[in-house]
Structure formats: C-alpha cells, structure tokens
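Read the structure below first, then the notes.
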2 protein chains.
Amino acid sequence: MTRPAPFHLPHFLPYLLNQAAEAASQGFQEYYRTRYGMLRTEWRVLFHLGCYGTLSAKEICEKAAIHKTKVSRAVAALENKRLLTRGALAEDRRVEQLDLTAKGQAVFEDLSAAAERFEAELVDGLAPDDLDRLRDNLLHLANLRTGPR
Amino acid sequence: MTRPAPFHLPHFLPYLLNQAAEAASQGFQEYYRTRYGMLRTEWRVLFHLGCYGTLSAKEICEKAAIHKTKVSRAVAALENKRLLTRGALAEDRRVEQLDLTAKGQAVFEDLSAAAERFEAELVDGLAPDDLDRLRDNLLHLANLRTGPR
DNA sequence: TATTGTTATACTCTATAACTATA
DNA sequence: TATAGTTATAGAGTATAACAATA
C-alpha cells in the first residue's frame with residue numbers, strides 16, 4: 001500500500017508568507033490606524049506620494065499593483081483629511097496630479113520614521129546577509145504574478 | 001539643512017511580505033475556491049485535520065493562530081459539505097473532536113497535491129539553499145508576534 | 001468563575017460592473 | 001472607441017462582545 005508523502009503545512013510557502021506578513025504588519029498597522037485613522041490603502045497611497053513625489057492615480061495603481069477603485073477611495077479619504085490635493089493637468093483633463101500637502105508631508109515623515117522603527121525590530125534577529133537575500137527572494141515571489149489588485 | 005534619509009517603500013518588509021504573500025497565494029486560492037467552493041479559513045482547518053489528525057477546535061485555534069469564531073464558522077461550513085464530523089469527548093463534553101470524513105480526506109489529498117504543485121512553481125527560481133533560509137526567516141518573523149487571529 | 005464553542009454585529013478588504021468625463 | 005477616475009454593490013476577511021453549555 002502506498003502512502004502519499006505527508007504534507008507539512010508549516011512549510012507551505014503561501015501559508016508561511018501570510019503568517020509572516022500578518023505578524024510583520026501588525027505593529028505598523030496599529031500605529032497608522034490609531035494615530036491617523038488611516039486604512040491600509042491610504043497609507044500606501046500616502047507613501048507613494050511621499051517617496052516618489054507628484055503622481056496620478058493611475059501611476060499609483062501601476063506602481064503599487066492596487067486596483068483603481070481602491071486608489072480612488074483612498075485618494076478621496078486623504079483629501080478629506082487634507083493630506084493631499086488634486087491638481088488639473090493642462091494637457092489631459094482626465095488626469096489628476098496628486099500632491100501631498102504640508103500636513104500630508106508631515107504625516108508621511110512621522111509614519112516613515114515609525115516604519116523604520118518597526119522594521120528595525122523585525123530585522124533585529126536576522127543576519128544582515130540573510131536580510132538582503134530575504135528581500136530579493138520576496139521581491140522575486142511578488143513579481144511572479146503582476147495582476148490587478 | 002538636514003534632509004531625512006529617503007524612505008524606500010519597496011524595501012519595507014511589511015509591504016514586501018504582503019505583496020509576496022498575495023502573489024504566492026493567488027493560484028492555490030483560485031484552485032480551492034473554484035474546485036471546492038472553500039474559503040481561506042476552511043482550507044486551513046481542513047489541512048490541520050489532514051496533517052495532524054483528530055483535533056478540537058481549540059487546538060486548531062492554537063496551532064494556526066486563528067480566532068475561535070473563525071474556526072467555528074469554518075467547521076460548520078466543512079460539516080455542511082460533509083468533509084468533517086464532530087464527535088463528543090466523554091471526559092469533557094464542552095470539547096468536540098473533529099475528524100475528516102472519507103470525502104474530507106480525499107479533498108485534502110487533492111488539495112495538498114495541488115499545493116505541492118503550486119509551491120514547486122513558486123520555488124522554481126530560487127536556489128535550494130535560499131529556500132531553506134527563506135523558510136527559516138519567515139518562520140522567525142511569523143513567531144515574533146503570537147496573538148489572536 | 002473559567003473554558004469551549006456559537007451567534008450577532010460592525011467594519012475592513014477585495015472584486016466587478018456600470019457610470020461620467022474627457023480624449 | 002478608449003482612457004482616467006468614480007460610484008454601487010456584493011462577497012470575503014477581521015475583530016469584538018455577548019451568549020449557552022459545561023466544567
């Protein structure tokens with residue numbers, strides 16, 4: 001009688017990645033939620049503008065692999081909080097140029113400093129060499145599929 | 001004038017982990033959803049019973065770090081699909097022993113074979129040595145926090 | 001009183017289709 | 001016709017509190 005090789009759940013990459021992602025996001029999530037009442041897509045949009053400067057919604061969609069409906073709602077929420085402004089683009093009036101306000105910039109700076117602190121905690125137990133490889137490998141996995149989100 | 005070090009979003013571990021986890025889960029998720037109409041917590045519960053044998057709901061909660069309300073609903077769904085049975089425990093009648101039915105076992109075997117195939121695709125571009133380290137590092141990150149879920 | 005498990009509820013997240021306006 | 005962005009809606013995921021039954 002043949003028995004199938006036993007499946008070892010804790011080694012299954014999609015499972016392991018989800019557990020690690022949830023654990024790693026926890027602290028930062030609580031920070032931006034309680035401190036600024038922001039949701040996940042909101043901080044992501046804010047960080048894209050903070051890191052890359054002026055962008056259109058579509059450019060954020062492409063860079064972050066987030067669906068346009070999610071970006072649209074996040075932009076509206078950030079606008080209500082006075083963290084960004086929309087500017088018209090003369091050449092193409094369908095496009096809106098998004099920019100952080102001074103307040104948005106300040107929030108970005110606080111959040112990115114917090115992000116650095118959380119990350120420092122996370123990588124505390126990892127060898128620097130491991131960390132580089134980890135990032136490379138995660139990036140490789142993330143890019144295996146580039147679909148709508 | 002001092003400028004803060006620029007924050008590099010694609011290197012931020014919680015972000016990178018989430019992108020990788022989503023991309024990696026995609027294929028398998030579609031498989032168990034379209035083929036068996038199962039949800040995320042359902043396959044996780046099924047796999048715990050398939051991998052470890054008879055368990056109580058509480059034991060699944062602890063092993064998988066899933067909140068008891070989610071496990072409760074997943075167990076009810078799997079029971080409706082005739083994939084598991086509940087048995088009373090004589091010593092403590094609050095506890096229910098959960099076991100896969102023959103059908104549940106068959107589904108587990110099909111899904112775990114599918115999981116192996118998806119994982120093989122994922123790790124295709126990784127050096128075997130990298131993969132071991134990756135698993136170790138992910139496990140380390142996942143265990144930094146063990147909270148309710 | 002504490003524990004196992006269920007139910008109710010609300011909020012966040014995701015996915016899709018239909019829409020407006022501009023091109 | 002196609003593109004940028006919005007709105008509506010439903011389904012999935014998460015979190016919490018209140019509850020029943022048993023210990």
Side-chain angles (χ1 to χ4, degrees), chain A residues 14-15 18-19 21-23 25-26 29-30 32-34 36-45 54-80 84-98 145 147-149, chain B residues 14-15 18-19 21-23 25-26 28-30 32-34 36-45 54-80 84 86-98 145 147-149:
Chain A
Y15 184 76
N18 265 297
Q19 304 278 79
E22 274 198 39
S25 305
Q26 175 88 343
Q29 181 180 8
E30 198 179 324
Y32 66 70
R33 286 189 58 156
T34 64
Y36 298 108
M38 288 175 63
L39 302 181
R40 184 199 185 100
T41 311
E42 294 174 39
W43 84 257
R44 290 186 179 188
V45 167
T54 309
L55 292 171
S56 69
K58 196 199 175 191
E59 289 169 321
I60 296 174
C61 292
E62 286 161 357
K63 276 184 180 290
I66 304 176
H67 195 270
K68 62 180 180 173
T69 59
K70 291 189 221 174
V71 170
S72 171
R73 288 176 210 280
V75 166
L78 292 171
E79 191 185 27
N80 284 337
L84 63 74
T85 55
R86 309 179 195 236
L89 186 66
E91 310 94 276
D92 186 340
R93 282 158 56 212
R94 292 173 304 184
V95 178
E96 292 184 322
Q97 295 194 98
L98 306 172
R145 179 206 54 145
R149 226 169 305 165
Chain B
Y15 183 77
N18 264 299
Q19 303 280 76
E22 272 197 41
S25 305
Q26 175 90 341
F28 183 57
Q29 180 180 9
E30 199 180 322
Y32 66 70
R33 286 188 57 156
T34 63
Y36 298 107
M38 287 174 65
L39 303 181
R40 183 195 183 100
T41 312
E42 294 175 37
W43 83 258
R44 290 186 178 187
V45 167
T54 309
L55 292 171
S56 70
K58 197 200 175 191
E59 289 169 323
I60 297 175
C61 292
E62 285 162 358
K63 275 183 181 293
I66 305 176
H67 194 270
K68 62 180 181 173
T69 59
K70 291 189 221 172
V71 170
S72 172
R73 288 175 211 280
V75 165
L78 292 172
E79 190 185 28
N80 284 337
L84 63 73
R86 312 181 193 234
L89 185 67
E91 309 94 277
D92 185 341
R93 280 157 58 211
R94 291 172 304 185
V95 178
E96 291 183 323
Q97 296 195 96
L98 306 172
R145 179 207 54 144
R149 225 170 305 166

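The structure presented is a predicted model; accordingly, all values stated were derived computationally and were not measured. Proteins get letters first, then strands, A, B, ... in listed order; numbering begins at 1 in each.
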Approximate separation, where rounding is to 0.5 Å, of A/Thr54 OG1 and A/Leu89 CG: 10.5 Å
Shortest non-hydrogen contact between A/Glu22 and B/Arg40, atoms and distance: OE2-NH2, 4.1 Å
Given D/dA12, D/dA4, C/dG5, the nucleotide with the shortest approach to the side chain of A/Val95: D/dA4
Which residues share a salt bridge (Lys or Arg N to Asp or Glu O under 4.0 Å) with B/Arg93, sequence neighbours left out: none
Residue met sooner reading DNA chain D from 5', once A/Arg33 and A/Glu96 are mapped to nucleotides: A/Glu96
Whole angstrom value for the distance that separates P of C/dG5 from CG of B/Leu55: 11 Å
Euclidean distance, atom CD of residue A/Gln26 to atom C1' of D/dG13 [Å, nearest integer]: 15 Å
Considering all heavy atoms, the nearest B/Arg86-B/Ala76 contact: NH2-CA, 3.7 Å
Salt bridge (Lys or Arg N to Asp or Glu O under 4.0 Å) partners of B/Lys63, counting only residues at least two apart: none
Of A/Glu59 and A/Gln29, the one whose closest DNA chain D nucleotide lies more 5': A/Glu59
Heavy atoms of other groups near B/Gln97 CD, more than 12 under 6.0 Å: yes
C/dT14 phosphate, OP1 or OP2, under 4.0 Å from A/Lys70 side-chain N/O: yes
Summary of protein contacts for nucleotides 17-23 of chain D, nucleotide by nucleotide, where a base hit scores B, a sugar-phosphate-only hit scores S (4.0 Å, heavy atoms): B----BS
D/dT6 phosphate, OP1 or OP2, under 4.0 Å from A/Arg86 side-chain N/O: yes
B/Gln29: side chain to side chain donor-acceptor pair (under 3.5 Å) partners, not counting sequence neighbours: none
Integer-rounded Å distance: C/dC13 P and B/Arg40 CZ: 13 Å
Contact list for DNA chain C against residues 71-79 of chain A - heavy-atom distance below 4.0 Å: none
A/Asn80 CG - D/dT6 P separation (whole Å): 12 Å
Interatomic distance, B/Asn18 CG vs D/dT14 P [rounded to whole Å]: 11 Å
Side chain to side chain contact (heavy atoms under 4.5 Å, CB included) partners of B/Ser72, counting only residues at least two apart: none
Atom-to-atom span, CD1 of A/Ile60 to P of D/dT6 - whole angstrom: 11 Å
Rounded distance (Å) that lies between atom P of D/dA4 and atom NZ of A/Lys58: 4 Å
Separation of atom CD1 in A/Ile66 from atom P in D/dT6, rounded to whole Å: 14 Å
Flag if over 12 foreign heavy atoms under 6.0 Å of CD, B/Glu30: no
